[in-house]
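Start at 1 and go down the list; that is how both ligands and their atoms are numbered.
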Amino acid sequence: MVDVAGLVAGIREGRRAAVSQAITLVESHKPEHRALARELLAELAELQAGAPQAVRVGISGVPGVGKSTFIESLGSRLTAAGHRVGVLAVDPSSVRTGGSVLGDKTRMARLATDQRAYIRPSPSAGTLGGVARATFQAISVLEAASYDVVLVETVGVGQSEVTVAGMVDTFLFLTLARTGDQLQGIKKGILEIADVIAVNKADGDREQEARSAARELAGALRLVHGKGEWAPPVVTCSGLTDVGVDDLWQRVLDHRDHLGEDGLAAKRARQQLDFTWALVRDELAERLRHSPGVARVRDEVQAAVLAGELPATVAADRILEAYDGP
Ligand code: GDP
């Protein structure tokens with residue numbers, strides 16, 4: 001049995017075991033756990049009202065771009081500067097296969113043993129929506145435990161970046177220098193949500209190449225963004241040698257300054273509203289899956305659609321009628 005009051009106290013004292021237990025609770029799909037998680041989050045929200053919130057940063061890039069090396073470098077610099085750093089992961093591959101590209105603690109060995117850092121792998125069960133829900137709630141748990149920087153890592157595939165961009169203040173995109181057209185190698189959607197872009201692995205032989213890639217990309221982005229709008233700065237860095245990592249962090253802070261206190265509050269309020277509807281959709285999908293009415297007609301309707309006997313629109317109506325009940 002989970003003792004919510006004890007958990008709240010433990011979290012507020014910053015005890016790792018309590019933080020881990022709370023995050024396990026918000027990741028759980030069991031109805032009784034979800035009720036407890038709601039209770040826990042409501043208490044934390046009440047206690048945290050008006051308290052300073054963490055700097056929330058999303059970090060994305062394709063596997064191999066150097067995310068974990070970079071986070072290790074950035075995270076260690078931040079903890080050395082007195083910050084408490086939480087690292088969360090949203091890994092769509094773990095949703096599909098149960099296996100994980102991200103979040104393996106051994107990838108960040110140094111940060112994993114840092115007393116001022118907390119690393120949590122991606123929840124591996126459920127849908128991307130479910131993982132997003134758990135991660136958004138885990139951010140609240142970390143904030144209540146006085147982590148003042150939360151880094152949310154995700155792989156540069158599919159819908160996961162948009163999901164992560166919806167829960168952070170600043171979205172950082174890591175890329176590599178490529179020959180040829182820089183923009184072609186990067187999915188358009190990413191450039192729309194990125195607030196800061198870094199050409200990583202700018203070390204050794206690659207340094208020059210990275211610099212010219214960054215210049216080219218910055219130029220292209222200036223054309224896309226209007227005057228007065230935040231044009232994502234493009235910098236170079238190396239998570240391996242730490243070069244450029246401080247500058248990159250400064251760009252993240254610059255982006256927050258650009259938003260301003262009101263802008264940031266408005267952005268977070270908007271995210272809460274979007275999250276509200278995401279939770280509603282998630283819950284409705286869950287209810288649809290478990291609806292006894294739908295279960296009664298499902299096989300028959302599906303078979304009729306497959307046999308070409310029932311148009312999709314009529315079939316959908318039948319399922320919805322069964323869901324709504326008599
Ligand atoms: P992730 O999959 O994005 O998390 O990438 P990793 O951090 O695991 O790095 C992938 C590979 O690139 C590893 O072999 C790293 O040693 C290497 N790597 C990561 N960062 C850098 C960097 O800044 N410079 C160089 N030269 N190699 C790097």
S.K.: Could you tell me, atom by atom, which parts of ligand 1 come under 4.0 Å of a heavy atom of L240?
M.R.: 21 (C), 22 (C), 23 (O), 24 (N), 25 (C), 26 (N), 27 (N)
S.K.: I'd like to check whether T241 has a polar contact with ligand 1, where a contact means an N/O of the residue lying under 3.5 Å from an N/O of the ligand.
M.R.: no
S.K.: Below a 4.0 angstrom heavy-atom separation, can you tell me which part of V62, side chain or backbone, both or neither, approaches ligand 1?
M.R.: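 Answer for V62: backbone.
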S.K.: Looking only at distance, does E153 have an N or O less than 3.5 Å from an N or O of ligand 1?
M.R.: no
S.K.: Kindly identify the option in T69, I71, V155 whose heavy atom sits closest to atom 15 (C) of ligand 1.
M.R.: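 Looking at heavy atoms only, the winner is T69.
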S.K.: What distance separates W249 CH2 from H83 NE2, expressed to the nearest 0.5 Å?
M.R.: 7.0 Å
S.K.: Flag yes if more than 12 heavy atoms outside E46 fall under 6.0 Å of its CD atom; otherwise flag no.
M.R.: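 12 or below, so no.
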S.K.: Which of the atoms in ligand 1, numbered in the order shown and given with their element, are less than 4.0 Å from a heavy-atom of G239?
M.R.: 23 (O)
S.K.: Within a reach of under 6.0 Å around CG of D257, are more than 12 heavy atoms found that belong to other residues, nucleotides or ligands?
M.R.: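 Yes - once you tally the heavy atoms of other residues, nucleotides and ligands closer than 6.0 Å, there are more than 12.
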S.K.: Would one find an N or O of F70, backbone or side chain, under 3.5 Å from an N or O of ligand 1?
M.R.: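 The answer is no, given that F70 and ligand 1 share no N or O pair closer than 3.5 Å.
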S.K.: Do R120 and E27 sit within salt-bridge range, that is, some charged N less than 4.0 Å from a carboxylate O?
M.R.: yes
S.K.: Checking T79 against D114: is there a side-chain donor and acceptor pair closer than 3.5 Å?
M.R.: yes
S.K.: Which of the numbered atoms in ligand 1 are under 4.0 angstrom from any heavy atom belonging to G66?
M.R.: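 Under 4.0 Å from G66, ligand 1 has these atoms: 1 (P), 3 (O), 5 (O), 6 (P), 7 (O), 9 (O), 19 (C), 20 (N).
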S.K.: Going by the atom numbers of ligand 1, which of them fall below 4.0 Å from some non-hydrogen atom of P63?
M.R.: 2 (O)
S.K.: Go through it in stages, so that I can follow the logic: the residues are D169 and R268, the test is salt bridge (Lys or Arg N to Asp or Glu O under 4.0 Å), and I'd like the CA-CA distance, side-chain angles, deciding distance and then a yes or no.
M.R.: CA-CA 8 Å; D169 309 328; R268 288 188 170 194; 2.7 Å; yes
S.K.: Between R15 and E13, is there a salt bridge with N-O shorter than 4.0 Å?
M.R.: yes
S.K.: Nearest heavy atom to atom 17 (C) of ligand 1: which of E207, K201, M108 does it belong to?
M.R.: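 Nearest option to atom 17 (C) of ligand 1, by heavy atoms: K201.
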S.K.: Just to be sure I read this right, does ligand 1 sit under 4.0 Å from the backbone of D203, its side chain, both, or neither, counting only heavy atoms?
M.R.: side chain
S.K.: Would I59 end up clustered with V243 when hydrophobic side chains under 4.5 Å apart are linked, directly or stepwise?
M.R.: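 No, it is not one cluster - the side chains of I59 and V243 are not joined through contacts under 4.5 Å.
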